[in-house]
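Everything below concerns the one structure shown next.
Below, chain A is the first sequence line, B the second, and so on; all start at residue 1. Hydrogens, waters and symmetry mates are skipped; everything else that's a heavy atom, side chains included, is used.
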Amino acid sequence: MPILFYNTLTRSKEEFNAIKPNEAGMYTCGPTIYNYAHIGNFRAYMFEDLVRRYLTFRGYKVTHIMNLTDVEDKLIRTCRETGKSLKEITAHYARAFFEDIDTLGIWRADAYPAATDHIPEMVDLIKALREKGHTYEEKGSIYFNLTTFPKYGRLSHMNLEDLKTGASGRVDADEYEAEEARDFALWKAWDEQDGDVYWETELGKGRPGWHIECSAMSMKYLGPHFDIHCGGIDNMFPHHENEIAQSCCATGAPFVNYWLHCAHLMVEGRKMAKSLGNFYTLRDLLAKGLDPLAIRYTLIATHYRQPSNFSFDAVAAASQALRRIRDFRIRLEEIHGEGDELLQECRDCEAEFIANMDDDLNISGALGAVFNFIRDVNRKIDDGGVGSAGAIHVLDLLDQLNQVTGIFAPPVEDTVPREVLDRVAARQQARREKRFAEADAIRDQLLNEGWIIEDTPDGQRVKRV
RNA sequence: GGCGGCAUAGCCAAGUGGUAAGGCAGAGGCCUGCAAAGCCUUUAUACCACGGUUCGAAUCCGUGUGCCGCCUCCA
């Protein structure tokens with residue numbers, strides 16, 4: 001069964017065929033490290049991580065490259081406003097970014113090239129474009145001449161005429177030092193506002209435009225032609241369109257086979273905006289006491305091309321769903337003896353999971369399959385038919401699917417303090433002697449302290465709330 | 001003004017022509033000394049509205065309404 005991806009280039013689902021068999025090169029637009037990333041950003045990174053994990057699960061050796069934008073207008077403004085150096089600021093937010101993705105269980109990419117470490121590569125690329133006649137210079141800056149690339153606009157379905165007019169009047173050509181308002185900068189000449197953020201290069205004193213870093217770095221780490229490029233839908237135009245123009249014109253080779261874009265995140269039914277008071281960084285949510293795994297669940301559970309509504313109710317529901325999974329695993333781990341091995345059930349569940357995920361990463365359908373499986377296995381356990389081999393098979397399957405989703409192995413509190421166990425034993429003794437009021441008092445007290453006591457035929461189970 | 005997306009139960013969310021997955025919450029029940037967990041039953045004559053195509057539409061087409069995105073380096 002082939003994997004289908006919705007390719008923005010063709011606006012249709014296409015079979016994924018890798019350039020090299022069983023290998024996949026993947027480039028994803030990373031953060032501008034001038035601030036803490038917000039949960040909308042993390043939805044995109046989570047989606048990209050899912051693409052990478054799923055391809056890995058399906059046997060591909062994936063090379064995942066994510067850039068860090070560490071020179072750009074907003075960063076320079078921050079430098080000016082704070083008096084700090086570019087490096088000070090970017091080092092701080094890069095560290096925060098890595099902490100955040102670790103917290104969310106997003107796998108680290110194979111490399112995180114930073115723009116400022118690749119100035120020579122960008123200069124070479126711009127030179128190549130200049131030699132081929134795709135650029136022009138104005139006041140020391142170098143621009144890409146879009147008329148030299150007739151295919152421009154194919155990804156976003158924008159046409160040059162519409163862009164030129166800018167009917168709302170928002171595109172004011174006077175503000176551009178370019179022949180056409182729609183042309184974009186490859187190299188920006190230094191001006192006083194830039195302070196000490198500049199490089200002396202063959203192109204003059206200045207800094208790279210934003211788009212060129214992704215062309216230069218994807219090329220360096222994945223070659224001129226690679227499989228997958230992902231990003232948020234807002235990057236489609238102009239950023240990805242510009243990347244295509246730069247890369248194709250510079251190398252003459254095809255650039256990217258599959259463009260995957262993820263939709264935006266809404267918060268409580270509204271767009272996320274500081275003015276609406278629903279703008280959250282991951283740190284904001286953790287400070288409110290939300291469980292990172294529940295945040296992960298919430299962000300991952302909606303199909304990536306669907307606008308997703310992040311709400312506190314949804315996170316609470318996710319916590320409950322995770323508890324269900326955790327309790328299911330605890331139950332399985334306690335099973336001993338002979339019984340059903342559940343081989344067919346495991347095979348069916350895995351097949352259904354894969355069939356859904358193969359269809360453009362239909363995660364909701366895939367999760368539905370697993371929850372149906374959990375219910376069916378629970379029923380069999382209730383009937384007493386499941387043996388330890390069956391339990392192991394189910395746990396193995398969950399572990400495997402956890403490699404894709406990261407939500408099927410919630411942490412279990414396995415060290416219960418001696419003192420708590422003593423009180424559980426005391427309660428059990430009271431129960432045996434039918435002193436139920438006393439037993440219930442102990443249970444209530446432990447519940448207050450965050451421990452749930454459950455009575456099973458085989459004894460007491462102690463769990464974290 | 002141009003281009004694009006979305007609208008499914010209280011909440012989250014699959015399903016893109018054949019009669020509404022799943023999770024959370026709610027109700028009733030089984031189990032339990034009582035609970036918890038689990039299981040069973042139940043919760044959308046129905047998928048924003050109105051037209052149309054079709055034997056048949058949440059699914060296709062049209063119009064409208066609402067929300068969201070891009071068109072200035074915001075995922």
Side-chain angles (χ1 to χ4, degrees), chain A residues 8 11 28-32 37-48 69 72-75 153 156-159 161-163 165-172 175-176 181-182 184-185 209-211 230-239 242 261-266 269-273 297-298 301-303 305-325 327-328 330-331 352 356 362-372 374-375 377-383 431 434 436-437 439-440 443-444 447 452-457 461 463:
Chain A
T8 305
R11 305 286 161 111
T28 60
C29 288
T32 300
H38 57 70
I39 52 170
N41 299 124
F42 288 117
R43 182 195 189 191
Y45 305 143
M46 193 84 78
F47 145 65
E48 290 153 1
T69 298
E72 170 267 2
D73 291 352
K74 289 193 297 291
L75 267 165
S156 58
H157 293 198
M158 300 291 257
N159 79 64
E161 290 312 306
D162 295 337
L163 297 177
T165 11
S168 69
R170 280 192 293 162
V171 178
D172 180 352
E175 294 194 354
Y176 289 72
R182 65 201 188 215
F184 59 93
W210 173 48
H211 311 292
C230 305
I233 195 164
D234 54 322
N235 268 163
M236 194 166 91
F237 187 91
H239 182 54
N242 293 350
H261 291 98
C262 99
H264 274 233
L265 184 77
M266 315 265 285
R270 308 291 305 274
K271 67 179 170 184
M272 184 166 60
Y297 189 112
T298 306
T302 303
H303 182 86
R305 283 191 288 115
Q306 200 72 221
S308 170
N309 186 18
F310 184 94
S311 68
F312 289 94
D313 283 351
V315 177
S319 292
Q320 284 305 115
L322 286 164
R323 185 166 305 189
R324 179 171 164 82
I325 295 164
D327 289 353
F328 180 57
I330 290 174
R331 228 181 157 200
E352 205 179 327
N356 276 288
N362 184 352
I363 183 90
S364 312
L367 296 183
V370 176
F371 278 107
N372 280 333
I374 289 174
R375 185 200 56 228
V377 173
N378 263 323
R379 187 158 42 204
K380 284 181 189 280
I381 296 173
D382 281 355
D383 294 345
R431 286 183 72 219
K434 309 243 186 261
F436 292 121
D440 292 350
R443 186 174 61 196
D444 291 346
L447 184 61
I452 294 174
I453 313 302
E454 296 177 353
D455 299 318
T456 77
R461 187 186 286 150
K463 293 195 291 209

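With sequence neighbours excluded, the residues that form a side chain to side chain donor-acceptor pair (under 3.5 Å) with Asn242(A) are Tyr152(A), His211(A). Residues satisfying the salt bridge (charged side-chain N to carboxylate O under 4.0 Å, His left out) criterion with Glu72(A), sequence neighbours excluded, are Lys74(A). By the side chain to side chain donor-acceptor pair (under 3.5 Å) test, Arg305(A) pairs with Asp360(A), sequence neighbours left out. Taking the salt bridge (charged side-chain N to carboxylate O under 4.0 Å, His left out) definition, one finds that Arg323(A) meets it with nothing, sequence neighbours left out. Listed by chain and number, the residues in a side chain to side chain donor-acceptor pair (under 3.5 Å) with Thr28(A) are His64(A) (sequence neighbours excluded). Residues that satisfy the salt bridge (charged side-chain N to carboxylate O under 4.0 Å, His left out) test with Arg461(A), not counting sequence neighbours, are Glu334(A), Glu454(A). With sequence neighbours left out, the salt bridge (charged side-chain N to carboxylate O under 4.0 Å, His left out) criterion links Asp383(A) to no other residue.
Neither OP1 nor OP2 of C70(B) sits under 4.0 Å from any side-chain N or O of Asn235(A). Note on Thr302(A): a side-chain N or O is less than 4.0 Å away from OP1 or OP2 of A13(B).
No donor-acceptor contact under 3.5 angstrom links the side chains of Asn378(A) and Arg375(A), judged on distance only.
As judged by a 4.0 angstrom heavy-atom cut-off over every strand, Ser319(A) is placed among residues making no nucleic acid contact. At the heavy-atom level, Gly231(A) lies under 4.0 Å from the strands shown only through sugar-phosphate atoms. Here Thr69(A) lies out of heavy-atom contact (under 4.0 Å) with every strand. Among the protein residues, Asp73(A) comes within range of the nucleic acid bases, having at least one heavy atom under 4.0 Å from a base atom. No engagement by Asp383(A) is indicated, since no non-hydrogen atom pair under 4.0 Å with the nucleic acid exists. Looking at heavy-atom distances under 4.0 Å, Glu48(A) makes no contact with the nucleic acid at all. Within the nucleic acid shown, Leu265(A) comes within 4.0 Å of at least one base atom, counting heavy atoms only.
You won't find any donor-acceptor pair under 3.5 Å spanning the side chain of Asn309(A) and the base of C6(B), going by distance alone. One can find a donor-acceptor pair under 3.5 Å joining the base of G33(B) and the side-chain atoms of Asp440(A). A donor and an acceptor atom never sit less than 3.5 Å apart when one is taken from the side chain of Arg461(A) and the other from the base of A36(B).
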N/O contacts under 3.5 Å, protein versus nucleotides 64-69 of chain B?
none

Table of protein N/O atoms under 3.5 Å from nucleotides 25-29 of chain B N/O atoms:
unit_1: A25(B); atom_1: OP1; unit_2: Gln320(A); atom_2: NE2; d: 3.3

Give each protein N/O atom lying under 3.5 Å from an N/O atom of nucleotides 38-40 of chain B, with the pair distance.
unit_1: G38(B); atom_1: O3'; unit_2: Asn378(A); atom_2: ND2; d: 3.1
unit_1: G38(B); atom_1: O2'; unit_2: Arg331(A); atom_2: NH1; d: 3.2
unit_1: G38(B); atom_1: O2'; unit_2: Asp382(A); atom_2: OD1; d: 3.1
unit_1: G38(B); atom_1: O2'; unit_2: Asp382(A); atom_2: OD2; d: 2.7
unit_1: C39(B); atom_1: OP1; unit_2: Arg324(A); atom_2: NH2; d: 3.3
unit_1: C39(B); atom_1: OP2; unit_2: Arg324(A); atom_2: NH1; d: 3.3
unit_1: C39(B); atom_1: O4'; unit_2: Asp382(A); atom_2: OD2; d: 2.8
unit_1: C40(B); atom_1: OP1; unit_2: Arg379(A); atom_2: NH1; d: 2.2

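The side chain of Gln306(A) lies closest to A7(B) when the candidates are A37(B), G33(B), A7(B).
Ala263(A) approaches Ile233(A) most closely through the heavy-atom pair CA-CG2, 4.4 Å.
Residue pairs meeting the side-chain hydrogen bond (donor to acceptor under 3.5 Å, both in side chains) criterion with at least one member in residues 39-48 of chain A, sequence neighbours excluded: His38(A)-Asn41(A).
Salt bridge present: Asp440(A) and Arg443(A) bring a charged side-chain N and a carboxylate O closer than 4.0 Å.
Remark: C1' of G5(B) and CZ of Arg305(A) are 10 Å apart, rounded to the nearest angstrom.
Atom name P, nucleotides C68(B) and U59(B): the rounded distance is 24 Å, in whole Å.
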Convert the base pairs of RNA chain B into dot-bracket notation, remembering that pairs crossing earlier ones are written with [ ] and that bases paired across to another strand are shown as |; include only Watson-Crick or G-U pairs under 3.5 Å.
-> (((((((..(((.....[...))).(((((.......))))).....(((((..]....))))))))))))....
